Amino acid sequence: MTELHHQTLSELRAGLRARRFSSVELTKHYLARIERFDSQLNAFITVTAESAVRAAEAADRELETSNAPALTGIPLVHKDIFCTDGVLTTCGSKMLSNFIAPYDATVVERLARAGVVTLGKANMDEFAMGSSNETSFYGPVKNPWDLKKVPGGSSGGSAAAVAARLTPAATGTDTGGSIRQPAALTGLTGLKPTYGRVSRYGMIAFASSLDQAGTLTLTAEDAALLMSAMAGFDARDSTSVDVPVPDYLSALDQPLSGLKIGLLKEFFEKGLDEQSAKLVREALSLYERLGAKLIEVSLPNLPLSVPTYYVVAPAECSSNLSRFDGVRFGHRCDNPSDLLDLYRRSRGEGFGPEVKRRIMTGTYVLSAGYYDAYYLRAQKVRRLIADDFARAFSNVDVLMGPTSPTPAFDIGAKVDDPITMYLNDIYTIGANLAGLPAMSIPCGFAGELPVGLQIIGPHFSEAKLLNVAHGYQRETQWHRRIPKGFI
Amino acid sequence: MNWETVIGLEIHAQLATKSKIFSSSATAYGAAPNAQANLVDLGYPGVLPVLNREAVRMAVKFGLAVGAGISRRSIFARKNYFYPDLPKGYQISQYEKPIVEKGTLEILLEDGSRKTIGITRAHLEEDAGKSLHEDFQGLSGIDLNRAGTPLLEIVSEPDMRSAKEAVAYMKKIHTLVRYLEICDGNMQEGSFRCDANVSVRPFGQEKFGTRCEIKNLNSFRFIEKAINYELARQIELIEGGGKVRQETRLYDPDKGETRALRSKEEANDYRYFPDPDLLPVALDDAFIESARASLPELPDQKAARYVKEFGLSDYDAGLLTASREMGDYYESVVAKLQGQEKLAANWVMGELSGALNKDGLDITASRINPAQLAGLLARIADETISGKIAKEVFEQMWIEGKDADAIIESKGLKQITDTGAIEKVIDEVMAANPKQLADYRSGKDKLFGFFVGQVMKVTGGKANPAQVNELLKQKLAG
């Protein structure tokens, strides 16, 4: 039998159902791997070993019955941005280093109802602000493919944990690329669904109009399985959309002949690493061989997406993070002399430098006299970018391009240069601004480092994206590769 | 110099929804601190607001009642500032696109004239919590029960020219929101309160003077006093060569004065922006029309009907329609007492309102029900008792809760209308007061009242006053 952790979530699911192994065995197997490897990676903030084993025992009893829910007994890790009832929920911040969430996020609740066994909570950039997982209060996460490299961010802990096979899959969130970029940098399949497809309730907000929960998995098929449980309308989130959830699994095997793929011209122009460009082009050729048609597409306003994002996201975060004031929960400074002192020191001590930078930026762009020039203008450009995408999708089924300009970079290489760091999200931000679903799938290796292919689709086209990704994964083995130290 | 007063009001009416505007917590007043604050009200990480449909319906009803435009698309914004009773660090309110825009309201002035006051806008927002400073040594407590309670902020044009007009306007809004059943109007509990923007300018000048905003006025009496104090302060300041600074002021009811809270320069930059957690509120015709269909007869319509159907004056009709319950009471009385609408009006506005005020009762808790009052008034109308005796009977009814007839019977208060009996008393009174009789007959006409008094005294007030007058005149004349 193949090693348990070499199997995909779908394969493990089949194994559980066939009773080839129990959920307790599986769960203990992953817990042992976490125990053994996580000191190298720092992918976890919290490991919930005891409750995981208990949940696995219950899952095994459930599996004896005929109506066990779809994901019964499957171990899973949640990004530490999702509130988990009774479990430390830090968002990677000192501010919440003492915060035991009193409720489950909708995503957590739905996956629990589907039967998953939660192994723990994954490290992340503080409040999801970062592209390298270096802003976490809990320290940087290492990339399993090269421990000197970053795993990407902000869902870096989730990505590293899945890539090192410390869990079959993990949840993540993507505000400007925080699922896709780490997926690309660690050789995983990352899906950021349409804005409104998955409930944001219980997901600690960074930029409310951009945040979306999604998955980090080994394969598109695994993502389809998780999405079937996660997606759907939630009355507790006013921005969740009441659109029926299609059968993601049954759509996976549709043929790709006739598929019209738009090549994002702007993505190949400058700043893209040569090897990555080559691998992405090879992936596109494979699609051509599968019967797809490549059409070059231009999104003229897309180059404005980084500046637009860095106005809109900080603006929203400056307001969203006001609730962390030391009054009701989270970090509170010692012996405040008065109210102002309480605010200043609690926030000053509780937030790290990147979070402060964004709060300052956001406060500035919303302030009287600057609102029109920055926030309002950014919203207008956002509309233009969304219009560009809509025009493109009148001609093509999906858009493709690189996920990240380079493979994983060295830890510490960009920490002192926020602008260069921000440019890392140049290819991913557009989909967030337009609310579109997008994926990253592994399409080869630059040396030892994985490279991601990005696939973007029209609103609510997750089934199509998963189908397109699955079609590629049937022909390739990139997603099967395991980092050397973690085999 | 002659100064003209300019006043605009921002009224906060707490909407009478069962649950909060963005959460499912109850809004009832008086619960233990924080017993009605759930995770959404507490601003916990990850929670999200969901708009209460009923609050929207109530705002629309108000808009329709003041003839305003209802926005098909309105937007909730965040007003950002830090305060411990504001859990999220921002208040969700409507800023650029309120749900109600441009209405009017007519007020009746003391001289009987009418004036139209413009309503700029009315928007939905959430209330903040409360800081408790008393019970904690060196610390403050926070009660978030009120946090998230729906408010309708009703902003007037600067159309009022005196404190009295401002009070009349506020009373009219108070009446209206209770008619619409969108606010309980309880000012003590803070369900209905206002901020007043006050300025003065020389008569004839078009440009407004610099205004001050007086915060949190929660009684009609305070509003009038606070505005008048503020006007005098501003005029004195200007006439003394000073300048009014634009600032927020607080009224101190104990001292009867306003004092500066913060200046314009110290004001927060609220950094308003559309709340990304809430979609724009889109209203369709069906929603608006169903709100329209649910509107009751409004106070102005009711008052006009009273004038037309019952022959009441504008003033009386205005008083009787000041609350829906008072109107209902009055109409129940009138239904049993046709032809006596004016008498009924006088009694409801006079004796009944006086008794209710004295006992601090709402008209719905009146100790005398409309049928009982009608029963009493019927005895005046058919001359069984005089108006004066009726007041005594009323008092007894108030205390004992019995019907008028039972009290008239048991106390023997039935009016004496028998001419013979009255003449007999008059004769006795004349015989007992020979000096007064002589004086009267020698021209001291004023003593007529003395004889009326004596006759009434002897009859215990029961003699029919008209008959007494007439018979006395004859007899005294000799």
Side-chain angles (χ1 to χ4, degrees), chain A residues 81-83 89 91 95-96 99 101-106 127 196 199-205 207-211 234-241 312 315-316 318-330 339-340 342-343 347 362-371 375-376 379, chain B residues 21-24 34 37-53 75-92 95-96 129 131 133 138-144 147 264 267-282:
Chain A
I81 199 169
F82 294 100
C83 284
T89 300
C91 224
M95 182 56 87
L96 290 178
F99 180 65
Y103 73 106
D104 276 336
T106 299
F127 283 102
S199 170
R200 292 188 298 116
Y201 187 80
M203 191 174 117
I204 298 173
S208 312
S209 74
L210 302 161
D211 296 343
D234 179 7
R236 291 176 296 188
D237 174 3
S238 307
T239 61
S240 105
V241 184
V312 174
E316 293 181 8
S318 72
S319 175
N320 281 335
L321 268 57
S322 293
R323 68 187 61 202
F324 303 105
D325 57 6
V327 174
R328 298 168 315 286
F329 45 73
L339 181 61
L340 200 59
L342 170 75
Y343 285 155
R347 289 170 66 80
T363 303
Y364 180 79
V365 301
L366 287 177
S367 50
Y370 298 100
Y371 180 86
Y375 186 77
L376 209 58
Q379 290 294 16
Chain B
I21 184 165
F22 299 119
S23 90
S24 57
N34 299 310
N38 66 16
L39 295 178
V40 175
D41 309 321
L42 290 164
Y44 257 62
V47 297
L48 295 169
V50 178
L51 179 60
N52 183 334
R53 186 186 175 89
I75 290 173
F76 281 102
R78 293 183 182 179
K79 179 181 180 178
N80 295 284
Y81 64 96
F82 284 98
Y83 204 69
D85 66 15
L86 188 72
K88 298 186 295 296
Y90 56 85
Q91 177 196 29
I92 305 176
Y95 182 55
E96 277 184 334
S131 298
H133 301 295
L139 296 171
S140 292
I142 308 292
D143 177 6
L144 295 174
K264 189 189 172 191
N268 282 309
D269 177 356
Y270 290 121
R271 291 170 285 124
Y272 282 100
F273 76 106
D275 190 333
D277 287 334
L278 291 160
L279 303 174
V281 183

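Given the structure is predicted, the values throughout are model-derived calculations rather than measurements.
For B:Y81, no part lies near chain A; criterion is any non-hydrogen pair under 4.5 Å. For A:I81, no part lies under 4.5 angstrom from a heavy atom of chain B. For A:A235, the part lying under 4.5 angstrom from a heavy atom of chain B is the backbone only. Interface residue A:Y201: backbone and side-chain heavy atoms are both found under 4.5 Å from chain B. Residue A:F82 does not touch chain B at all, counting heavy-atom pairs closer than 4.5 Å. Neither the backbone nor the side chain of A:T89 comes within contact range of chain B, judged by heavy atoms closer than 4.5 Å. Neither the backbone nor the side chain of A:Y370 has a heavy atom closer than 4.5 Å to any heavy atom of chain B. For A:A315, the part lying near chain B is the backbone, with the side chain staying farther off; criterion is any non-hydrogen pair under 4.5 Å. If you measure heavy-atom distances from A:A105 to chain B, you find no contacts under 4.5 Å at all.
B:I75 contributes atom CD1, which lies 14.5 Å from atom OH of B:Y272 (distance to the nearest 0.5 angstrom). B:F76 contributes atom CZ, which lies 10.0 Å from atom OG of A:S238 (distance to the nearest 0.5 angstrom). Atom-to-atom distance recorded for A:Y371:OH and B:R271:CZ is 12.5 Å, nearest 0.5 angstrom.
Contact of the B:F22 side chain with the B:D277 side chain is not registered, since no non-hydrogen atoms from C-beta on lie closer than 4.5 Å. Side-chain contact between A:Y343 and B:P84 is present, with at least one heavy-atom pair separated by less than 4.5 Å. Counting heavy atoms from C-beta on, the side chains of A:S319 and B:K88 never come closer than 4.5 Å.
The residue among A:L96, A:L210, A:L321, A:T239 with the most heavy atom pairs within less than 4.5 Å of chain B is A:T239. Counting heavy-atom pairs closer than 4.5 Å to chain A, the top residue among B:L144, B:L86, B:V50 is B:V50. Chain B forms the most heavy-atom pairs under 4.5 Å with one residue out of A:V365, A:V327, A:D237, and that residue is A:D237. Of all the listed residues (B:L42, B:D275, B:V40), the one sharing the greatest number of non-hydrogen pairs under 4.5 Å with chain A is B:L42. Of the listed residues B:L39, B:I142, B:L51, B:L139, the one with more heavy-atom pairs under 4.5 angstrom with chain A than any other is B:L39. Top candidate by heavy-atom pairs under 4.5 Å with chain B, chosen from A:R328, A:M203, A:R200, A:R236, is A:R328.
Between the side chain of A:S240 and the backbone N or O of A:D234, at least one donor-acceptor pair lies under 3.5 Å. Judged purely by atom type and a 3.5 angstrom limit, A:E316 uses its side chain to pair as donor or acceptor with the backbone of A:S209.
Between A:Y103 and B:Y44, a ring centre-to-centre spacing not shorter than 6.0 Å is recorded.
A donor-acceptor pair shorter than 3.5 Å can be found between the side chains of B:Y90 and A:R323.
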